[in-house]
Peer 1: 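Just passing along the structure, written as structure tokens.
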Amino acid sequence: MTLDQSPAHSDVLNVYDGFGRIYGSAWGPNIHYGYWENDADDSSVEEATDRLTDLMISGLAAQPGQRVLDIGCGIGYPAQRLVRTSDVDVVGITVSRIQVADATKLAAEAGLADRATFQFGDAMDMPFPDGSFDAAWAFESMWHMPDRGQVISEAARVLRPGGRLAIADVIQRDPITPEGRVVLDHVVEHYGVRSLGTVDEYRKALADNGFVDVEITDITDNVIRTLGLMADAVETVRDKLAELVGEEQAASLLHFMREFGSVPESGYLFLTAVRA
Ligand SMILES: C[S@@+](CC[C@H](N)C(=O)[O-])C[C@H]1O[C@@H](n2cnc3c(N)ncnc32)[C@H](O)[C@@H]1O
């Protein structure tokens, strides 16, 4: 079995190298939620997804010339924006070799080949020496990790003392009702998600791994619009989705995407922390 084929990765690859590419064709190259200031904010998906990237960039507060690790880089759009905004060098890792190739090609086309590089790497066992990064972010990748504590421990290892960590993650919020459980379970089962984290779990994992100055913000109200808009976008490519997964499954995916955007158990956090 190669590393790519490990059970831990195959769920994720089924999504990102499979129907996720159809979602991406409708949603755009930022493979994450959007951020809207308030209910009256009518920003486009492109503007809102870039705004969430900008929140992560400000949380990271990286200085020009620093080396930043992007844990779960997708096709590298957030990394490109980070390079341009903060004048840093970014190394992105993902368990999808297709994403590595796409991200590398897109960075080259953007003239950033020497500043944004991408490689195969598992966040659970990062292929980097201790203390080799000034900052790191995990931008909506943690929900795929078999053990969030292990990834935070790895982040602590590869960051230098004083290095900043930023995380944006889909989480679950208490209390979990039976109806909410059905929706959360669907997401875990169909989106390569290992489990949904909680604010308390993050606080403990960060403290256990020596992170200080932890600031956690629940930004659910700002981002939750994403699910309905994503379902609308995917409806425009429903034929392609049904061709790949079947009509029944396409209908189920779309139904639960809207449900996930409406149950109170569905949450989202943004956090920053400093490696002591
Ligand atoms: C929702 S996408 C976010 C992509 C990107 N951060 C963005 O915002 O556009 C989740 C990413 O996490 C990556 N991922 C999932 N499990 C991983 C693991 N164990 N190690 C590294 N990356 C992983 C996926 O391949 C994918 O690139």
Side-chain angles (χ1 to χ4, degrees), residues 3-25 27-35 45-46 48-57 59-60 68-83 90-104 106-107 110 116 118-128 136-155 158 165-171 187-188 190-197 219 223 226-227 230 257 260 268-270:
L3 199 55
D4 306 56
Q5 291 162 335
S6 78
H9 298 162
S10 63
D11 284 0
V12 170
L13 299 184
N14 283 343
V15 176
Y16 291 105
D17 296 346
F19 69 82
R21 291 175 79 80
I22 297 174
Y23 284 21
S25 70
W27 182 250
N30 283 310
I31 314 175
H32 58 245
Y33 283 42
Y35 183 103
V45 166
E46 187 183 350
T49 50
D50 276 343
R51 193 176 295 131
L52 188 55
T53 303
D54 290 343
L55 182 66
M56 288 286 277
I57 290 173
L60 210 55
V68 181
L69 174 63
D70 181 352
I71 304 164
C73 59
I75 57 172
Y77 257 64
Q80 283 190 27
R81 194 168 174 89
L82 173 59
V83 169
V90 179
V91 178
I93 57 169
T94 168
V95 289
S96 162
R97 292 193 190 277
I98 292 177
Q99 287 184 341
V100 171
D102 286 351
T104 302
L106 289 165
F118 304 93
Q119 65 187 75
F120 180 92
D122 188 344
M124 297 282 292
D125 182 16
M126 298 185 193
F128 305 110
W137 75 21
F139 198 164
E140 224 172 276
S141 57
M142 292 295 271
W143 58 338
H144 297 300
M145 305 300 173
D147 181 346
R148 269 177 288 276
Q150 169 66 15
V151 176
I152 288 171
S153 156
E154 277 291 87
V158 301
L165 174 69
I167 295 177
D169 195 20
V170 181
I171 58 165
V187 172
V188 170
H190 293 277
Y191 287 89
V193 174
R194 307 305 297 233
S195 65
L196 293 165
I219 57 168
V223 303
T226 297
L227 284 312
M230 190 178 287
M257 196 184 299
F260 194 47
Y268 200 102
L269 67 69
F270 163 64

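Just follow the structure's listing: the first ligand is 1, and inside any ligand the first atom is 1. All residue numbers refer to positions in the sequence shown, counting from 1.
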Peer 1: Examine N30 against ligand 1 and note whether any of their N/O atoms are separated by less than 3.5 Å.
Peer 2: no
Peer 1: Which value, rounded to the nearest 0.5 Å, describes the distance between W137 atom CH2 and M142 atom CE?
Peer 2: 15.0 Å
Peer 1: Check the orientation of W143 and Y33. Use parallel for under 30°, tilted for 30 to 60°, and perpendicular for over 60°.
Peer 2: perpendicular
Peer 1: State the atoms of ligand 1, each with its element, that fall below the 4.0 Å cut-off from a heavy-atom position in H32.
Peer 2: 7 (C), 8 (O), 9 (O)
Peer 1: Measure the shortest side-chain to side-chain distance between T49 and Y77 over non-hydrogen atoms and say whether it is less than 4.5 angstrom.
Peer 2: no
Peer 1: Can you find a pair of side-chain heavy atoms, one from T53 and one from L82, that are under 4.5 Å apart?
Peer 2: no
Peer 1: Do V151 and M126 come within less than 4.5 Å of each other through their side chains, counting heavy atoms only?
Peer 2: yes
Peer 1: Of all the atoms in ligand 1, which lie at a distance below 4.0 Å from a heavy atom belonging to E140?
Peer 2: 1 (C), 10 (C)
Peer 1: Which ligand 1 atoms does G121 reach within 4.0 Å, using its non-hydrogen atoms?
Peer 2: 20 (N), 21 (C)
Peer 1: Hey, does I71 come in under 3.5 Å of ligand 1, counting only N/O atoms on both sides?
Peer 2: no
Peer 1: Between the side chain of T226 and the main-chain N/O of V223, is any donor-acceptor distance below 3.5 Å?
Peer 2: yes
Peer 1: Given H144, M145, R81, E154, which one has a non-hydrogen atom that is nearest to atom 18 (C) of ligand 1?
Peer 2: M145
Peer 1: Is ligand 1 under 4.0 Å from a heavy atom in the side chain of A123, in the backbone, in both, or in neither?
Peer 2: both
Peer 1: Checking a contact table here: which protein heavy atom is nearest atom 25 (O) of ligand 1, and how many Å away?
Peer 2: T94 OG1, 2.9 Å
Peer 1: Have a look at F139 and tell me which of L52, N30, I167 forms a side chain to side chain contact (heavy atoms under 4.5 Å, CB included) with it.
Peer 2: L52
Peer 1: Please indicate whether any nitrogen or oxygen in S141 is less than 3.5 Å from any nitrogen or oxygen in ligand 1.
Peer 2: no
Peer 1: Quick check on contacts: which atoms of ligand 1 are under 4.0 angstrom from a heavy atom of P78?
Peer 2: 7 (C), 8 (O), 9 (O)
Peer 1: Does the ring centre of Y16 sit less than 6.0 Å away from the ring centre of H144?
Peer 2: yes
Peer 1: Does ligand 1 have a heavy atom under 4.0 Å from the side chain of D122, from its backbone, from both, or from neither?
Peer 2: both
Peer 1: Which residue and non-hydrogen atom of the protein lie closest to atom 9 (O) of ligand 1, and at what distance in Å?
Peer 2: I31 N, 2.9 Å
Peer 1: If we only count N/O pairs under 3.5 Å, is P29 in contact with ligand 1?
Peer 2: no
Peer 1: What protein heavy atom is closest to atom 5 (C) of ligand 1, reported as residue, atom name and distance in Å?
Peer 2: G72 O, 3.4 Å
Peer 1: Got T94 and F118 here, is their nearest side-chain heavy-atom distance under 4.5 Å?
Peer 2: no
Peer 1: Is any side-chain N of the basic residue among R81 and D54 closer than 4.0 Å to the acidic one's carboxylate O?
Peer 2: yes
Peer 1: With a 4.5 Å cut-off on side-chain heavy atoms, are Y35 and M56 touching?
Peer 2: no
Peer 1: Among protein heavy atoms, which sits nearest to atom 27 (O) of ligand 1, and what does the distance come to when rounded to 0.1 Å?
Peer 2: Q99 OE1, 2.6 Å
Peer 1: For ligand 1, indicate whether the residue P146 contacts it via side chain, backbone, both or neither (heavy-atom separation under 4.0 Å).
Peer 2: neither
Peer 1: Using a 4.0 Å heavy-atom cut-off, say whether Y16 meets ligand 1 through its side chain, its backbone, both or neither.
Peer 2: side chain
Peer 1: Examine the proximity of ligand 1 to M124 and report which part, side chain or backbone, both or neither, has a heavy atom under 4.0 Å away.
Peer 2: neither
